[in-house]
Amino acid sequence: MTSTTLDAPSATPILDWYDRHHRDLPWRVSPPMAARGVRADPYRVWLSEVMLQQTTVQAVKPYFANFLARWPTVRDLAEAPNDDVMAAWAGLGYYARARNLKKCAEAVATQHDGVFPDTEDGLKSLPGIGDYTAAALAAIAFNRQAAVMDGNVERVISRLYAISTPLPAGKTLMKQKVALLTPADRPGDFAQAMMDLGATICTPKRPACSLCPFRGSCEALRLHDPEQFPVKAAKKERPVRRGAAFVAVTADGEILLRRRIASGLLGGMTEVPTTAWTSRADGETSADAAPFPAQWEPCGSVTHVFTHFELRLSIYRAAIPSRIQHDDKWWEPVTNLEAQALPTIMKKAIATAIPRVFAMPKG
DNA sequence: AACACGTGGAC
DNA sequence: TGTCCAAGTGT
């Protein structure tokens, strides 16, 4: 522990650690099974990896179970209606992932005979599969010696070698180090071990270095300051945008919905009518901007934090005596909202206007 | 390279 | 309370 010389890092200690301390996850094959030659189902690995992009394991678990139950194979997903997939993804965020998930399933089904390519290059050519997911799939599902680099591995590697080049520029050197460390034997277990280590031991704050299989090799630990790694570029400030959202309700208990355009923020998802969301001080936040005249009543506001801006929506509600038909909108029974592709911000808006239609613990 | 792109949990 | 962050990808 207090030695001044470090052992050369090697894959062996972390593979041994993984054998004893790996997490059991629904999309995984356990190390003993993997040792007997059992391979993870590429469809499940792919589905989990896409869901896990910038998303916690806890958030993914119920979505993964639901997707797998509804669409057990990549062909099933390829044949599913887009709206069903987007509705099933609703709440998980980063909706381009769901759009690309569907495109990828269709490509695998129609261009690859329903079988995922088994090389990094082949995988990376598919929608929604980038450097990380291609390497992870190649290693975990196809036992290829691919260098897997995600946020966990960045943290482990940057500490192990005390790499002070800020991210994202430092990623190039980190990937070289991972490639040198990745074993020809058990590359999939190695990748998962590095991610488990980053998630449970080599954590962003207060890492449990005394339990780490790399404790005799870690330069950051030798420097007594693992938390300083990885160094990251400064973040930009998050501007505030404002707008208004309009919840029209009929006496029959239907609300007016519309579809967002297929690309961009919340692309392809369902929403209640809103004004444009603007950072301007004179932004439209009043009932004057409603989609049609009615007795709009203010019923509160909703704040929602996106990655690159904060949104404050003024919420208005109107009881509509008779259904007014609109070209680009439709009326949906409030009892059927769970089946809609409503992102969380829209569930918050509706819950503010019509309490009790959603169980919304936060907001 | 830099930015767009969601959400909820932890501290 | 604000800040950070969680198995990134596309442009």
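Chain identifiers are assigned alphabetically (A, B, ...) following the order of the sequence lines, protein sequences preceding nucleic acid strands; residue numbering begins at 1 within each chain.
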To the nearest Å, how far apart are Lys205(A) NZ and dA10(B) C1'? 12 Å
Please evaluate the base of dG8(C) for a donor-acceptor partner in the side chain of Thr133(A) within a cut-off of under 3.5 Å? no
Which nucleotide wins on minimum distance to the side chain of Phe306(A), given the candidates dA4(B), dT7(B), dG10(C)? dT7(B)
Could you state the atom-to-atom distance from CZ of Arg155(A) to P of dG8(C) in whole Å? 10 Å
Using the P atom on both, measure dG8(B) against dT9(C) and round to a whole Å. 22 Å
Please classify the nucleic acid contact of Gly267(A) as base, sugar-phosphate, or nothing, using heavy-atom distances under 4.0 Å. nothing
Ignoring hydrogens and angles, does a donor from either the side chain of Thr55(A) or the base of dG6(B) sit under 3.5 Å from an acceptor on the other? yes
Between Glu49(A) and Ile129(A), which is nearer to the 5' end of DNA chain C once each is assigned its nearest nucleotide? Glu49(A)
Taking 4.0 Å as the cut-off, does a side-chain nitrogen or oxygen of Thr56(A) come that near to OP1 or OP2 on dG9(B)? no
Name the nucleic acid region contacted by Pro343(A), choosing base, sugar-phosphate or nothing; use a 4.0 angstrom heavy-atom cut-off, strictly under. sugar-phosphate
Which whole-number value in Å describes the distance from Met149(A) CE to dG8(C) P? 10 Å
Find the distance Met51(A):CE to dT9(C):P and express it as a whole number of Å. 16 Å
NA contact type, Leu101(A), heavy-atom cut-off 4.0 Å: base, sugar-phosphate, or nothing? nothing
Calculate the interatomic distance between Lys124(A) atom NZ and dG8(C) atom C1'; express it in whole Å. 12 Å
If you measure from the Lys or Arg side-chain nitrogens to the Asp or Glu carboxylate oxygens, is any gap between Arg238(A) and Glu310(A) under 4.0 Å? no
Side-chain contact test, heavy atoms from C-beta onward, threshold under 4.5 Å: evaluate it for Leu257(A) versus Ile255(A) and give yes or no. yes
Look at all strands and tell whether Val50(A) reaches a base, only sugar-phosphate, or nothing, counting heavy atoms closer than 4.0 Å. nothing
Below 4.0 Å: OP1/OP2 of dG8(C) and any side-chain N or O of Gln54(A): yes
What nucleotide among dT7(B), dA4(B), dT9(C) has an atom nearest to a side-chain atom of Gln53(A)? dT9(C)
Tell me which of Gly264(A) and Pro168(A) sits closer to the 5' end of DNA chain B, going by the nucleotide each one is nearest to. Pro168(A)
Which part of the nucleic acid does Gly91(A) contact within heavy-atom distance under 4.0 Å: base, sugar-phosphate only, or nothing? sugar-phosphate
Would you indicate what Trp27(A) reaches in the nucleic acid, counting non-hydrogen atoms under 4.0 angstrom: base, sugar-phosphate, or nothing? base
Could you tell me whether Arg260(A) sits above the aromatic face of Trp277(A), with NZ or CZ closer than 6.0 angstrom to the six-membered ring centre and within 45 degrees of the axis? yes
Please tell me if His304(A) has a side-chain N or O lying less than 4.0 Å from either OP1 or OP2 of dT7(B). yes
Geometric class of the Phe246(A)/Trp296(A) ring pair [parallel <30°, tilted 30-60°, perpendicular >60°]: perpendicular
State which residue, out of Arg23(A), Arg28(A), His22(A), fulfils the side chain to side chain donor-acceptor pair (under 3.5 Å) condition with Gln192(A). Arg28(A)
Measure CG/Asp131(A) against P/dG8(C) and give the value in whole Å, please. 12 Å
If you look at every strand shown and take non-hydrogen atoms under 4.0 Å, does Val57(A) touch a base, only sugar-phosphate, or nothing? base
Using only side-chain N and O atoms of His308(A), determine if any of them is under 4.0 Å from OP1 or OP2 of dA4(B). no
If you measure from the P atom in dA6(C) to the same atom in dC5(B), how many Å do you get, rounded? 23 Å
Considering residues at least two apart in sequence or located in another chain, which fulfil the ring pair (Phe, Tyr, Trp, His ring centres under 6.0 Å) criterion with Phe214(A)? none
As a test of reading the structure: which of dA6(C), dG6(B), dC4(C) is closest to the side chain of Lys235(A), going by heavy atoms? dC4(C)
Answer yes when Arg258(A) and Glu271(A) have at least one side-chain N-carboxylate O distance shorter than 4.0 Å, and no when they do not. yes
In whole angstroms, the gap separating P of dG10(C) from CZ of Arg97(A) amounts to 12 Å
Asp150(A) CG to dC5(C) P: how many Å, rounded? 14 Å
Can you check whether any acceptor in the base of dG6(B) is under 3.5 Å from a donor in the side chain of Tyr94(A), or vice versa? yes
From dT7(B), dG8(C), dC5(B), nucleotide with atom closest to Leu265(A) side chain: dC5(B)
